Undergrad: 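Please see the structure below; I have some questions.
Side-chain atoms are counted along with the backbone in the values below, which use heavy atoms only and exclude waters and symmetry mates. Worth saying up front: this structure is predicted, and the values here are computed from it rather than measured. Counting starts at 1 for both ligands and their atoms, in listed order.
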Amino acid sequence: MAGRPASLSAQDVGSFAYLTVKDRTPQILTRAIDTLHRHKSEFFEKHGERGVEAEKKAISLLSKLRNELQTDKPIIPLVEKFVDTDIWNQYLEHQQSLLNESDGKPRWFYSPWLFVECYMYRRIHEAIIQSPPIDDFDVFKESKDQNFFESQESIIALCAYLQELLRTVEDLDENQLKNEFFKFLQISLWGNKCDLSLSGGETSSQKTSVINSLGDLEPFILVNDMEHLWSLLSNCKKRREKAPVIRVDIVLDNSGFELVTDLVLADFLLASKLATEIHFYGKTIPWFVSDTTVHDFNWLIEQVKRSNHKWVSKCGVDWENHIKMGRWVYHDHIFWTLPHEFCAMPQVAPDLYAELQKAHLILFKGDLNYRKLTGDRKWEFTVPFHQALSGFHPAPLCSIRTLKAEIQVGLRPGQGEQLTASEPNWRTQGKYGIFQFDGPL
Ligand code: F6P
Ligand code: MG
């Protein structure tokens with residue numbers, strides 16, 4: 001597409017992309033290697049010597065990957081046959097075709113950051129699937145589960161709040177309902193602080209109750225289109241006699257506490273009749289440390305259901321029921337773990353695009369989704385979100401994201417510069433958040 005700015009890349013020494021590729025990604029690989037080491041006896045118990053051999057193989061493949069990255073070697077094609085191998089290798093060829101002859105091959109520090117970061121997680125997956133019988137091992141599972149357990153207090157507070165509200169939701173007037181809607185949206189926004197790739201896989205759980213901090217956090221919402229979301233869904237609700245289905249799609253991000261905040265929001269949307277169906281999208285392979293796979297999704301609902309706390313387990317029972325009754329639908333698609341910007345979806349994954357078109361509203365959770373929505377490019381702060389989407393408009397959509405990468409569009413003139421002057425790292429520490437909407441109301 002003509003006229004779009006260049007991609008963010010680790011070429012820019014000192015940029016967040018640079019620091020990520022240089023420091024954080026090797027750290028994530030080291031932790032993955034360490035995790036495999038620690039599971040050695042478990043692999044032995046399960047598979048005998050073959051398990052131990054597989055562990056060694058996976059570790060050596062990951063060490064090789066870390067070395068390639070740290071020495072800025074050319075990015076090599078994937079070798080192990082998997083559903084998406086050909087698409088990945090074509091993408092790599094495409095990256096190669098963008099280079100001049102003198103530039104040689106795509107490399108870790110010179111290619112677009114979005115591409116190399118996704119490629120790293122895809123290579124971790126390759127190392128695992130090349131190592132049967134441990135080829136279904138999720139090297140990040142442990143830290144995702146730990147995040148969930150360490151956030152228990154907040155989860156209890158959240159579930160109790162939801163259950164309390166569900167008892168009276170029918171009696172709320174329009175204003176009260178809108179207030180509650182805004183609360184659940186904000187809880188889901190701040191839930192996005194808890195991702196584990198930013199911390200290199202170190203624990204990043206929610207220990208204090210978010211519900212009580214919402215007021216204090218509001219000044220950190222840089223773009224706030226919550227009103228649009230309310231108008232859209234409350235209008236759908238008013239027109240329900242003519243169009244009985246109101247579908248909200250949530251493109252999930254992290255498992256653990258963030259996923260709980262998304263499920264609580266989804267439950268509220270049904271109870272308030274602002275939606276009648278929620279469709280969730282997760283990752284097919286372990287991704288960016290804490291992203292939700294179908295195993296995480298099912299595991300978390302099971303844990304919630306088995307909680308000793310009555311309001312928590314009530315949530316788990318309700319959520320399982322929503323799934324059984326088809327009010328909640330979970331979708332898998334390989335597109336979410338490809339390196340493509342979302343504007344390529346109609347060509348690369350037309351079936352997924354057609355699915356998203358059925359939604360009245362799509363919520364994209366998290367930073368990585370924002371990077372893919374905007375192509376991870378060096379846009380000016382004031383470029384309209386609609387423009388940065390580069391033609392990606394399957395349905396009205398909203399990014400709900402805390403800022404963890406140097407990209408932000410749709411700001412007021414001067415807003416970005418002002419923030420930079422007072423807080424140079426405002427874009428990368430998850431302190432600020434956005435509700436950025438695009439679409440007709
Ligand atoms: O650099 C932080 C980072 O790893 C980014 O690469 C990525 O955009 C983000 O974390 C993941 O965050 P989230 O879980 O919100 O998508
Ligand atoms: Mg994530």
Undergrad: Kindly confirm or rule out an N or O of Lys404 lying under 3.5 angstrom from an N or O of ligand 1.
TA: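 In this structure, Lys404 places an N or O atom under 3.5 Å from an N or O of ligand 1.
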Undergrad: Which atoms of ligand 1 sit under 4.0 Å from any heavy atom of Phe16?
TA: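 This gives 1 (O), 2 (C) as the contact atoms.
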Undergrad: Can Lys144 be said to sit on top of Trp299's aromatic six-ring, NZ or CZ under 6.0 Å from centre and within 45° of the ring axis?
TA: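 No, a cation-pi geometry is absent between Lys144 and Trp299.
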Undergrad: Walk me through whether Gln436 and Tyr370 qualify under side chain to side chain donor-acceptor pair (under 3.5 Å).
TA: CA-CA 10 Å; Gln436 198 157 38; Tyr370 192 75; 2.6 Å; yes
Undergrad: Can you tell me how far the CG atom of Leu259 sits from the OG atom of Ser151, to the nearest 0.5 Å?
TA: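 Here the rounded value is 11.5 Å.
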Undergrad: Using a 4.0 Å heavy-atom threshold (strictly under), name the region of Asn254 that reaches ligand 1: side chain, backbone, both or neither.
TA: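 Within the 4.0 Å criterion, Asn254 contacts ligand 1 through side-chain atoms alone.
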Undergrad: Has Asp291 got an N/O/S atom less than 2.8 Å from the Mg ion (ligand 2)?
TA: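 So Asp291 counts as coordinating the Mg ion (ligand 2), yes.
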Undergrad: Check side-chain contact (heavy atoms from CB on, under 4.5 Å) between Asp23 and all other residues, then give those that pass, not counting sequence neighbours.
TA: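 Asp23 satisfies side-chain contact (heavy atoms from CB on, under 4.5 Å) with Leu19 once adjacent residues are dropped.
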Undergrad: Taking 2.8 Å as the cut-off, does an N/O/S atom of Ser290 lie below it from the Mg ion (ligand 2)?
TA: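 Of the N, O and S atoms in Ser290, none lies under 2.8 Å from the Mg ion (ligand 2), which means no.
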Undergrad: I'd like the name of whichever of Leu403, Asp253, Val289 reaches closest to atom 14 (O) of ligand 1 through any heavy atom.
TA: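 It is Asp253 that holds the nearest heavy atom.
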Undergrad: Quick one: pull up CZ in Phe140 and CG in Asp296 and give me the separation to the nearest 0.5 Å.
TA: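 Nearest 0.5 Å value for the CZ-CG distance: 11.5 Å.
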Undergrad: How does Arg371 reach ligand 1, if at all, at less than 4.0 Å between non-hydrogen atoms: by side chain, backbone, both, or neither?
TA: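 For Arg371, the contact with ligand 1 is made by the side chain alone.
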Undergrad: Are Tyr119 and Glu126 close enough that a side-chain donor and a side-chain acceptor fall under 3.5 Å?
TA: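 No.
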Undergrad: Where on Trp113 is there a heavy atom closer than 4.0 Å to ligand 1, on the side chain, on the backbone, on both, or on neither?
TA: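 Under 4.0 Å from ligand 1, Trp113 contributes side-chain atoms alone.
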Undergrad: What salt bridge (charged side-chain N to carboxylate O under 4.0 Å, His left out) pairs are there with at least one residue in residues 57-69, not counting sequence neighbours?
TA: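 Of all non-adjacent pairs touching residues 57-69, those that pass salt bridge (charged side-chain N to carboxylate O under 4.0 Å, His left out) are Lys64-Glu68, Glu68-Arg123.
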Undergrad: Determine, considering heavy atoms only, which of Thr25, Asp367, Asn192 sits nearest to atom 12 (O) of ligand 1.
TA: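 When every heavy atom of Thr25, Asp367, Asn192 is considered, Asp367 comes closest to atom 12 (O) of ligand 1.
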Undergrad: With no hydrogens and no angle check, just 3.5 Å: does a side-chain donor-acceptor pair link Gln418 and Arg412?
TA: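 No, because no side-chain N or O of Gln418 sits under 3.5 Å from a partner of the opposite role on Arg412.
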Undergrad: Using a heavy-atom cut-off of under 4.0 Å, does the side chain or the backbone of Arg24 touch ligand 1, or both, or neither?
TA: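 Side chain only; the backbone of Arg24 stays clear of ligand 1.
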Undergrad: If you measure every N/O of Leu368 against every N/O of ligand 1, is any gap under 3.5 Å?
TA: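 Among all N and O atoms of Leu368, at least one is under 3.5 Å from an N or O of ligand 1.
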Undergrad: Name of the Asp253 N, O or S atom nearest the Mg ion (ligand 2)?
TA: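 Result: OD1.
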